[in-house]
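When a residue number appears, it is its place in the shown sequence, counting from 1. Heavy-atom basis, side chains included; hydrogens, waters and symmetry copies ignored.
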Amino acid sequence: MNTINNAVLNNLFSVCPEIKLLNIRLLGPHDTMLYNMPRFWALNIYDYDAEVILDGNAFQVRRGYICLMPPGTTRRFKLKELSLHRVAHFRLPGASGNTKYPPIIFDSGTKREYFISRFDQTVRNHATFQNKARSFFWTLLWELTELRTAENFPQLDIVHPELERAVMLIEKNLSAPLKIEDIVKTSGLSHNQLIRLFQQRFKCSIIGYVRSRRATLAENLLRNTNMRIKEIAAEIDMPDLQRFNKFIREFFNCSPRQLRKHQ
């Protein structure tokens with residue numbers, strides 16, 4: 001599959017998208033869809049196996065695959081089983097509709113559950129908090145870019161599936177209270193065994209990893225969205241603004257407002 005290079009992606013996603021549709025639909029194994037939207041991009045996050053035909057070219061997608069389709073791409077889906085179909089249609093303000101980009105299909109691998117969780121969170125907010133949903137979706141696009149560049153996303157070695165399970169629980173719950181005992185239970189290891197794996201892989205404790213990932217998420221939202229600071233604080237389970245301010249200073253040596261100005 002042809003791909004868009006990272007410089008082009010960075011330029012495309014320098015603006016917050018205008019969302020036309022965010023949807024999760026239940027489709028049967030005999031359902032087919034054929035459509036072409038000349039002004040809107042489409043994002044699909046697959047949690048099923050299917051055949052996707054893009055501009056006449058057939059591709060087999062599996063669970064965890066993500067497809068980013070530029071405007072004007074003729075799309076046809078052939079499902080093989082009862083499936084939840086996750087799709088977003090969006091427009092990038094200022095982007096030229098005359099430029100033809102190739103579609104991107106790639107495997108999110110161990111990040112599958114994280115991206116599904118973030119997409120579903122965006123859908124839940126879209127009906128009543130549209131600006132918040134736009135910010136979530138814009139951040140999701142950036143994280144997909146980061147996954148492709150492997151710069152700011154934790155890369156897991158599939159040598160330790162127990163570590164993978166623990167990290168996926170953390171990634172899915174950055175906005176919610178997390179207890180160490182729940183992370184340990186999910187991994188299937190003892191507390192000491194899991195601590196050793198975190199030290200070996202990430203050079204930090206379990207708590208240190210959670211704090212680091214929440215700091216990264218907060219930085220991303222502060223620099224790249226117009227969400228209010230108290231909303232961002234809540235997104236990392238830190239609604240106390242004084243505590244959030246202290247947390248940001250600890251990681252970035254400046255206040256949340258200063259970090260936002262330095263974008």
Are the side chains of [X] and [Y] in touch, meaning some heavy atoms are under 4.5 Å apart?
X: F244; Y: I232; answer: yes
X: Q121; Y: E235; answer: yes
X: Y65; Y: Q60; answer: no
X: T73; Y: W41; answer: no
X: M69; Y: R75; answer: yes
X: R63; Y: D49; answer: yes
X: R76; Y: V52; answer: no
X: F115; Y: S108; answer: yes

Should I53 and I104 be counted in the same cluster of Ile, Leu, Val, Met, Phe, Trp and Tyr side chains packed under 4.5 Å apart?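 No; I104 is not reachable from I53 via cluster members.
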
[atom1]-[atom2] distance between [X] and [Y], expressed to the nearest 0.5 angstrom:
X: L259; Y: C254; atom1: CG; atom2: SG; result: 4.5 Å
X: L217; Y: D237; atom1: CG; atom2: CG; result: 11.5 Å
X: I24; Y: T122; atom1: CD1; atom2: OG1; result: 9.5 Å
X: Y114; Y: L174; atom1: OH; atom2: CG; result: 6.0 Å
X: N57; Y: F59; atom1: CG; atom2: CZ; result: 5.0 Å
X: F252; Y: L222; atom1: CZ; atom2: CG; result: 8.0 Å

Who pairs with A88 by side-chain contact (heavy atoms from CB on, under 4.5 Å), at least two apart in sequence or on another chain?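 Listed in chain order: L22, L43, F119, F137.
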
Among all residues two or more places apart in sequence or in another chain, which pass the side-chain contact (heavy atoms from CB on, under 4.5 Å) test with N23?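 side-chain contact (heavy atoms from CB on, under 4.5 Å) list for N23, sorted by chain: L21, R25, V87.
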
Can [X] and [Y] be counted as having a side-chain donor-acceptor contact under 3.5 angstrom?
X: Q199; Y: R196; result: no
X: Y48; Y: H85; result: yes
X: E219; Y: T216; result: no

Can you name the nearest heavy-atom pair linking [X] to [Y], along with the distance?
X: S190; Y: V184; answer: C-CG1, 3.9 Å
X: H89; Y: A42; answer: CD2-CB, 3.6 Å
X: I248; Y: S255; answer: CG2-C, 4.0 Å
X: G64; Y: D107; answer: O-OD1, 3.6 Å

Donor-acceptor contact below 3.5 Å, side chain [X] vs main chain [Y]:
X: T74; Y: D55; answer: no
X: D240; Y: R243; answer: yes
X: R165; Y: S187; answer: yes

Does the pair D47 and R112 meet the rule for a side chain to side chain contact (heavy atoms under 4.5 Å, CB included), with working shown? CA-CA 8 Å; D47 197 26; R112 180 185 75 185; 3.9 Å; yes

If you count heavy atoms of other groups shown closer than 6.0 angstrom to [atom1] of [X], is the number above 12?
X: Q242; atom1: CD; result: no
X: I207; atom1: CD1; result: no
X: R249; atom1: CZ; result: yes

Lys/Arg-Asp/Glu bridge criterion (N-O < 4.0 Å) met for E250, R211: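 A salt bridge is present here (some side-chain N lies under 4.0 Å from a carboxylate O).
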
SB check R86 D120 (cutoff 4.0 Å):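 So R86 pairs with D120 through a salt bridge.
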
Working note: C67 + I105, criterion side chain to side chain contact (heavy atoms under 4.5 Å, CB included); need CA distance, chi angles, decisive distance, verdict. CA-CA 4 Å; C67 185; I105 296 179; 3.5 Å; yes

Check against side chain to side chain contact (heavy atoms under 4.5 Å, CB included), R62 and Y46: CA-CA 7 Å; R62 296 185 290 107; Y46 301 102; over 6 Å; no

By side-chain hydrogen bond (donor to acceptor under 3.5 Å, both in side chains), which residues pair with T186, not counting sequence neighbours?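 Expected list: none.
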
Run the numbers on I170 and L178 for side chain to side chain contact (heavy atoms under 4.5 Å, CB included), then give the verdict. CA-CA 7 Å; I170 293 170; L178 269 171; 4.3 Å; yes

